[in-house]
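All chains are named by letter (A, B, ...) in the order of the sequence lines, taking the proteins before the strands, and each is independently numbered beginning at 1. Keep in mind that this is a model prediction, so the values were computed, not measured.
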There are 4 protein chains.
Amino acid sequence: MLGPVNRVERKRGRRVEQILAVAAELFGERGYDAVNLEDVAERLDVTKGSLYYYFAGKEQLATAAIETLGTDWTARLEELAATAEGSAAQRLRTLIRAHVAIAVREYPAALRLFLVPRTWPDALRARITEMRRRHDQVFRAVLVEGLESGEFAVVATASTLQAMHAAMSQAPLWCADLPVDEQDRAFDELADTLMKLVSPVP
Amino acid sequence: MLGPVNRVERKRGRRVEQILAVAAELFGERGYDAVNLEDVAERLDVTKGSLYYYFAGKEQLATAAIETLGTDWTARLEELAATAEGSAAQRLRTLIRAHVAIAVREYPAALRLFLVPRTWPDALRARITEMRRRHDQVFRAVLVEGLESGEFAVVATASTLQAMHAAMSQAPLWCADLPVDEQDRAFDELADTLMKLVSPVP
Amino acid sequence: MLGPVNRVERKRGRRVEQILAVAAELFGERGYDAVNLEDVAERLDVTKGSLYYYFAGKEQLATAAIETLGTDWTARLEELAATAEGSAAQRLRTLIRAHVAIAVREYPAALRLFLVPRTWPDALRARITEMRRRHDQVFRAVLVEGLESGEFAVVATASTLQAMHAAMSQAPLWCADLPVDEQDRAFDELADTLMKLVSPVP
Amino acid sequence: MLGPVNRVERKRGRRVEQILAVAAELFGERGYDAVNLEDVAERLDVTKGSLYYYFAGKEQLATAAIETLGTDWTARLEELAATAEGSAAQRLRTLIRAHVAIAVREYPAALRLFLVPRTWPDALRARITEMRRRHDQVFRAVLVEGLESGEFAVVATASTLQAMHAAMSQAPLWCADLPVDEQDRAFDELADTLMKLVSPVP
DNA sequence: TATGAATGAGGGTTCATTCAT
DNA sequence: CATGAATGAACCCTCATTCAT
């Protein structure tokens with residue numbers, strides 16, 4: 001997988017990235033139906049028609065945008081999981097905080113994504129599900145580790161992960177309008193709260 | 001507040017209910033934008049225009065549908081909270097199970113409602129928020145009671161309720177396609193898992 | 001032309017008159033297109049469908065309404081022309097005043113009628129034109145009489161009548177919102193002004 | 001206020017003008033309600049939707065069309081008033097003839113405009129009233145001048161101007177279908193007739 | 001590459017009309 | 001006689017998509 005070979009392709013690549021960034025933001029914010037290409041184009045100071053030079057249609061644009069968003073997000077979580085140190089509990093907490101922070105600050109968008117609503121076109125649903133699965137995987141690994149070492153205790157792995165994810169995904173709803181420092185406190189609080197889900201009971 | 005007084009009004013009332021049932025289902029399933037009146041009408045074996053005999057427009061139809069759904073749901077939770085017996089823990093667990101069961105079995109719709117997305121028209125957002133607030137109130141009351149009696153321990157009331165609600169709301173995503181008996185098991189599991197959020201730590 | 005023969009027919013006749021009165025008012029006020037049968041029905045405390053018991057459709061209702069209005073108006077002008085006394089000038093002035101007063105106070109409606117717009121359905125246009133023709137006839141008779149007696153002098157009969165009619169028809173635009181006594185003064189003024197059109201020049 | 005700066009803008013400007021011309025004609029002819037965008041589009045050999053590329057909606061299209069029509073018309077009358085020579089009577093007559101000619105030949109449309117009916121949307125009514133006011137102003141100026149110089153005598157300025165305007169506005173009704181040379185004669189006749197309104201009486 | 005222009009399908013809404021009761 | 005209910009055509013408007021330049 002070689003990168004762009006010449007100046008022209010590099011330029012095109014940069015343009016595509018700009019478009020995807022804008023698209024990711026809008027699709028995340030409003031959901032697939034509520035976004036119109038006119039808006040996407042306007043934010044890029046381009047005309048609607050120009051988008052078709054880079055993407056075959058609205059669906060493809062949305063797919064690519066979410067792919068980008070998802071890949072970045074996943075990569076950061078995986079990186080974090082790989083590099084974080086300390087006990088399983090410490091690492092799980094780190095992951096939760098990071099995930100929430102990304103969700104609230106960078107992709108408030110994501111709210112709609114993790115709901116996998118029937119509103120998204122089929123092609124997109126698959127990608128969204130896949131992204132969700134990979135995120136889940138990161139958390140699951142740490143959870144299992146903590147369970148095996150006896151550090152954690154859960155009722156059931158599945159429902160625990162689901163509850164965690166649900167709470168993290170919806171965080172933008174509660175925190176979006178808070179000032180930054182209060183957001184930080186809210187993240188901590190939520191992380192501590194969710195850690196109870198895995199705490200060994202007396 | 002008197003009910004319908006004669007046969008004609010009762011009949012109209014029934015029709016309105018039929019329409020609202022269909023509308024609630026569709027709006028809940030797909031969200032406001034993705035629903036078109038054609039579909040609503042078709043499910044009722046009627047033409048689009050006929051809906052305007054009962055409702056002033058799409059927004060009013062959606063508002064009424066959600067209002068109905070919300071009122072019923074809220075009433076049942078409040079009734080349950082008022083009549084349930086046992087310790088705070090037992091009652092909280094009962095509420096959780098009931099809420100999830102309603103969400104999954106009767107209003108899978110509701111998924112989108114509790115997200116309060118910017119996609120809903122303003123008038124609707126207000127109603128949805130209000131409904132959400134009332135649900136929250138039911139759970140909060142039991143939670144506070146358990147805390148005061150020392151039965152529960154939480155990191156923070158707010159984040160605990162948020163996490164609970166998030167998990168319950170998203171339950172339809174995981175359980176919708178399960179056979180009934182497995183659903184029941186899933187509900188139990190989720191309830192047990194969420195109870196950990198309030199469990200006193202050693 | 002016999003009247004209604006029994007109680008039933010008389011009752012029907014009265015109902016028809018009520019409907020026509022309301023319809024004439026509305027059609028006159030708003031024009032054919034802007035009137036909807038719902039409004040007509042509502043003012044009569046009836047449902048839309050009921051109108052169809054008395055009239056075959058919107059067009060027929062409008063036609064009858066205008067017919068009624070026109071017949072009444074014409075009759076009064078003709079009556080006035082027949083009974084008024086004095087010189088041709090005095091009688092012309094009386095007609096003008098009466099016509100304007102009726103237009104402003106009873107059929108502000110008529111504004112749109114005398115414009116014979118292409119907006120009215122064909123069948124209606126014919127009636128409107130006919131009504132206009134009969135009104136014109138009343139004025140023309142007096143005008144010709146005054147001309148023959150040497151009392152009047154005009155550039156041309158046709159344009160004089162046209163200008164008169166135009167001014168009289170539009171009077172509701174200027175006078176509609178005036179208090180009654182000022183309206184009377186305005187009528188006098190307009191009549192005097194229009195009389196100049198036939199005044200013998202020095 | 002600079003004009004279009006480049007070829008593209010000029011082209012767009014021309015297209016807009018074409019559309020406005022067609023729109024002005026139709027709106028004038030039929031009134032706001034009776035015009036549908038389908039018709040406007042069809043006359044331009046375009047589809048309905050295309051109009052929205054140039055105008056935000058029906059109302060805006062109508063507004064622009066009337067604005068254009070009114071501005072042009074007003075400008076010509078004002079120009080004529082400024083440049084015409086001779087006595088007040090000669091100039092008034094010139095204005096009358098010109099106004100009628102424009103009304104009949106170029107904007108038979110205008111019939112409905114000068115009626116300012118309640119049918120027009122509010123935004124449009126304001127523009128129409130304003131246009132009417134400016135036209136009136138042109139005539140009033142010459143009238144007042146003639147009155148001050150003793151050349152004219154009127155019963156009242158207001159009703160005289162109203163009658164004049166009414167007659168001129170309705171001229172298209174009588175003349176529209178005449179051959180050109182007869183139209184010219186009709187204009188002369190009407191002008192002469194209306195001049196009697198200001199003639200000094202013996 | 002990018003744009004301006006145009007398209008056509010679809011959605012919300014209105015309303016005259018019909019009809020069983 | 002009158003009503004409630006339903007219909008279907010027509011209208012305004014939006015928007016993804018196409019395409020010549």
Measure from NZ or CZ of C/Lys58 to the centre of the six-membered ring of C/Tyr32, then state whether that distance is under 6.0 Å and the direction lies within 45° of the axis.
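Yes.
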5' priority, DNA chain E, between D/Asp45 and A/Lys11 [closest heavy atom]:
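Going by which nucleotide is closer to the 5' end, it is A/Lys11.
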Go ahead and write out DNA chain F as dot-bracket, 5' to 3': ( ) for pairs within the strand, [ ] for ones crossing earlier pairs, | when the partner sits on another strand, dots for unpaired; Watson-Crick or G-U wobble, both distances under 3.5 Å.
.||||||||||||||||||||
Give a yes or no on whether D/Glu130 atom CD has more than 12 heavy-atom contacts from other residues, nucleotides or ligands under 6.0 Å away.
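Yes.
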List the protein contact pattern of nucleotides 8-15 of chain F with one symbol per nucleotide (5' to 3'): B for base contact, S for sugar-phosphate-only contact, - for none; contact means a heavy-atom distance under 4.0 Å.
B--SBBBS
Intermediate values then yes/no, side-chain contact (heavy atoms from CB on, under 4.5 Å), A/Ile19 and A/Phe55:
CA-CA 10 Å; A/Ile19 298 176; A/Phe55 298 94; 3.6 Å; yes
According to salt bridge (charged side-chain N to carboxylate O under 4.0 Å, His left out), who are the partners of A/Glu59, at least two apart in sequence or on a separate chain?
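Partners of A/Glu59 under the salt bridge (charged side-chain N to carboxylate O under 4.0 Å, His left out) test: none.
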Judged by atom type as modelled, is there a donor-acceptor pair below 3.5 Å linking the side chain of A/Ser50 to the main-chain atoms of A/Val46?
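No; zero donor-acceptor contacts below 3.5 Å.
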For chain C, the stretch of DNA chain E it reaches, first to last nucleotide, under 4.0 Å of its heavy atoms
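Contact span on the strand: E/dC15 to E/dT18.
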Under 4.0 Å between any heavy atoms, over every strand shown, what does D/Val40 touch: base, sugar-phosphate, or nothing? Just pick one.
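The answer is nothing, as D/Val40 stays clear of every strand by at least 4.0 Å.
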Identify, with sequence neighbours excluded, every residue that meets side-chain hydrogen bond (donor to acceptor under 3.5 Å, both in side chains) alongside B/Gln18.
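Result, side-chain hydrogen bond (donor to acceptor under 3.5 Å, both in side chains) vs B/Gln18: B/Arg15.
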Run the side-chain hydrogen bond (donor to acceptor under 3.5 Å, both in side chains) test against A/Thr68 and tell me which residues pass, sequence neighbours left out.
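By the side-chain hydrogen bond (donor to acceptor under 3.5 Å, both in side chains) rule, A/Thr68 matches no residue at all.
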Starting from the 5' end of DNA chain F, give me the residue, B/Tyr54 or C/Arg12, whose nearest nucleotide shows up first.
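Counting from the 5' end, the first nearest nucleotide belongs to C/Arg12.
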Does this structure show an ion pair linking D/Arg43 with D/Glu25, if we count only N-O contacts that are shorter than 4.0 Å?
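Salt bridge present between D/Arg43 and D/Glu25.
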Can you tell me how far CH2 of B/Trp120 sits from OG1 of B/Thr129, rounded to the nearest 0.5 angstrom?
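If we round to the nearest 0.5 Å, B/Thr129:OG1 and B/Trp120:CH2 are 12.0 Å apart.
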Which value, rounded to the nearest 0.5 Å, describes the distance between C/Leu124 atom CG and C/Gln60 atom CD?
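Rounded to the nearest 0.5 Å, the CG-CD separation comes to 9.0 Å.
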